[in-house]
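None of these values were measured; they are calculated from a predicted model. All values below were derived from every heavy atom in this structure, side-chain atoms included, with hydrogens, water molecules and symmetry-related copies excluded.
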Amino acid sequence: MVVRTTVVLAFFTILLASWILWVEPQLKTTSTLEWESRNVLNFSAQECIQMEFKSKEHSFRIQRVSDQSFSLEYPEPRIQANEAFVTKVLGRFGNLNRTGTLPLQCPPETTQQQFLERYQLLAPAITLSFSFQDGTIHQIAFGKNDQEYCYVQINHSKEIQILPVDLLHLATPSLENLRDSALIHLDPAALVAIEIQQSSSTIRLEKPNSKSFYDGWQQTVPYRLPVDSDTLFLLLDTLKNQTAQNYHLFSEMEAEFAQASLAITFWENHQGQVLSKKLLLCQKEQQLYAYAPNSAWVRSFQNDFFLQTIHLPAWKYIERDVFPFQEEDSLTFELFDHRHLDYHREQKQWWKKTPQSGKLELPRELIQPVLDTLHILEMVDLIVWEPKSLTEYGLDSPLQQWKISQAGESYELKIGKPANADTLYAMRQDLSLVFTLNKDIVASLSLHLGESELYFQNEQLQKELKEQFSTPEKK
């Protein structure tokens, strides 16, 4: 009995294994069969090397140049194609599914020619072809259509597919759809340097080391100073959003670009390989013309505010922070107006230096509002580089002079106000630049300093603050 049971179990085990190995892989689920029956065209977008759009009005050919780049080869000399549009077409047709309607078959009483002619597919007015590296060509012919569907023949099949009409719209693009209207394509994350060459000057911006795109940029020519991130963002955003309105052959405008008013070169680091991209700009009346070397085409557009944003003097790229200090242990700041205030921090404790008393301890809670206000003090408007006279800005007899020292570096600032004027002007000793300040922030700074000075003049206030900010004893 035991032997018989063992034999039976062994038999069913072998039978089950055979089913799993040979029979089950051949079976397909209902959903898989249904999906395959609806799929009418499938190909790898990466393997497509060419597309041709043909209609009664136009004939366009798109050629793959690299993994992510395409060119418009016909009907005009080679120009970069609109990659977003090409990617959309490849994605839509590369996995093409019909609607819930079954394909149409030629009725027995009708010839194939009559069948195709009925749906305007005998001599289709619109075709779209995809060519591949192995020589394969997929052709899609479009016939009759209405507001929802279009009748399509794929690869000369005897069947007619009923597909969504949006495919017909993709297969009949305009030249504007296919042309790449961008002035230049940049990868902000890969940018490591930018050089702006104007008629008689050069500005060079570099990013030595920084994970964040907008942090760490330095102007290395003509000044070695930190770059203002807002100005850099505006430069790149303007280039990104400006699109061409018209196209011209470079061969017809070569003379104009021999005297280009502005040249911008970008360097990008892609996995250790540094590549450069250049853009030349010249102006003719109210039109700006942009040309990328090695291209056959020049793009033009209305000037408006584009040149004012791009064509900036070097000093306008300077970081706007008045005092670029860090809150570290070693920090000293002094104020000279009708008095001399000298505050410094040693080992996380703030002190006030005085000729009479030496060092006086100051609670951090009183000095912190001063530091916070200094942090938000920025250059509002940049007025003039290397001013001929300081008198007109009230800086020959300044209202205040600040000095902040940290880690061997010091920044000195003069704040002035000309007679009968309501604007506060300032100038830092290491910059030959006059700029304006926000009056409310400067007033707030004076108020916080006044509170700290009041602390030293009022013994009762000192006692109350020490009690307020001291750590309670544990019971």
Okay, side chain of Q120, backbone of N145: is any donor-acceptor separation there less than 3.5 Å?
no
Which residue pairs pass the salt bridge (charged side-chain N to carboxylate O under 4.0 Å, His left out) test when at least one of the two sits in residues 271-285, sequence neighbours left out?
E256-K284, E268-K277
Side-chain touch L128/H138, heavy atoms, less than 4.5 angstrom
no
Given 3.5 Å as the limit, does a donor-acceptor pair link the side chain of Q245 with the main chain of Q302, or not?
yes
Mark yes or no for whether S444, through its side chain, and D440, through its backbone, hold a donor-acceptor pair below 3.5 Å.
no
Cut-off 3.5 Å, side chains only: do D180 and N82 have a donor facing an acceptor?
no
What distance do L413 atom CG and Q429 atom CD have between them, rounded to the nearest 0.5 Å?
9.0 Å
Could you tell me whether the side chain of T202 and the main chain of P222 form a donor-acceptor pair under 3.5 Å?
no
Is it the case that Q105 and E159 place a side-chain donor and acceptor less than 3.5 Å from each other?
yes
Within the side chain of R299, is there an N or O that forms a donor-acceptor pair under 3.5 Å with the backbone of T243?
no
Keeping D146 on the side-chain end and E148 on the backbone end, is there a donor-acceptor pair under 3.5 Å?
yes
Around atom CD of E109, are there more than 12 heavy atoms from other residues, nucleotides or ligands closer than 6.0 Å?
yes
Suppose the criterion is salt bridge (charged side-chain N to carboxylate O under 4.0 Å, His left out): which pairs have a residue in residues 56-72, not counting sequence neighbours?
none
Can you tell me how far apart CD (Q219) and CD (E319) are? Round to the nearest 0.5 Å.
12.0 Å
Pairs satisfying ring-ring contact (aromatic ring centres under 6.0 Å, His included), at least one member in residues 252-280, at least two apart
F257-Y291
Report yes or no: does T110 contribute a side-chain atom to a donor-acceptor pair with the main-chain N or O of C106 at less than 3.5 Å?
no
Tell me whether F132 at atom CZ has more than 12 heavy atoms from other residues, nucleotides or ligands lying less than 6.0 Å away.
yes
To the nearest 0.5 angstrom, please state how far the CG atom of L445 sits from the CG atom of L437.
10.0 Å
Does F130 have any ring pair (Phe, Tyr, Trp, His ring centres under 6.0 Å) partners at least two apart in sequence or in another chain, and if so, which?
F43, F93
With distance as the sole test, does N155 use its side chain to make a donor-acceptor pair with the main-chain N or O of S157 at under 3.5 Å?
no
So I318 and W385, do their side chains get closer than 4.5 Å, heavy atoms only?
yes
Would you call Y425 and I415 a side-chain contact if the rule is heavy atoms closer than 4.5 Å?
no
Side chains of Y411 and P324, heavy atoms from C-beta outward: is any pair under 4.5 Å?
yes
Mind checking what makes side-chain contact (heavy atoms from CB on, under 4.5 Å) contact with I376, not counting sequence neighbours?
I441
Per the salt bridge (charged side-chain N to carboxylate O under 4.0 Å, His left out) rule, what does the pair list look like for residues 222-237, sequence neighbours excluded?
none
Side-chain H-bond candidate by donor/acceptor type, D372 with H448, under 3.5 Å:
no
Relative to each other, are the rings of F306 and F301 parallel, tilted or perpendicular (30° and 60° limits)?
perpendicular
Separation of E254 CD from L249 CG (nearest 0.5 Å):
11.5 Å
Straight-line distance of L122 CG to Q114 CD, nearest 0.5 Å
10.5 Å
For the pair Y119 and F115, name the ring-plane relationship: parallel under 30°, tilted 30 to 60°, perpendicular over 60°.
perpendicular
Which of L191, V274, D187, L275 passes side chain to side chain contact (heavy atoms under 4.5 Å, CB included) with N269? Answer is V274
One should read off an interatomic distance between Q283 CD and N303 CG, to the nearest 0.5 angstrom, of 4.5 Å
If you draw a 6.0 Å radius around CD in Q308, do more than 12 non-hydrogen atoms from other residues or ligands fall strictly inside?
yes
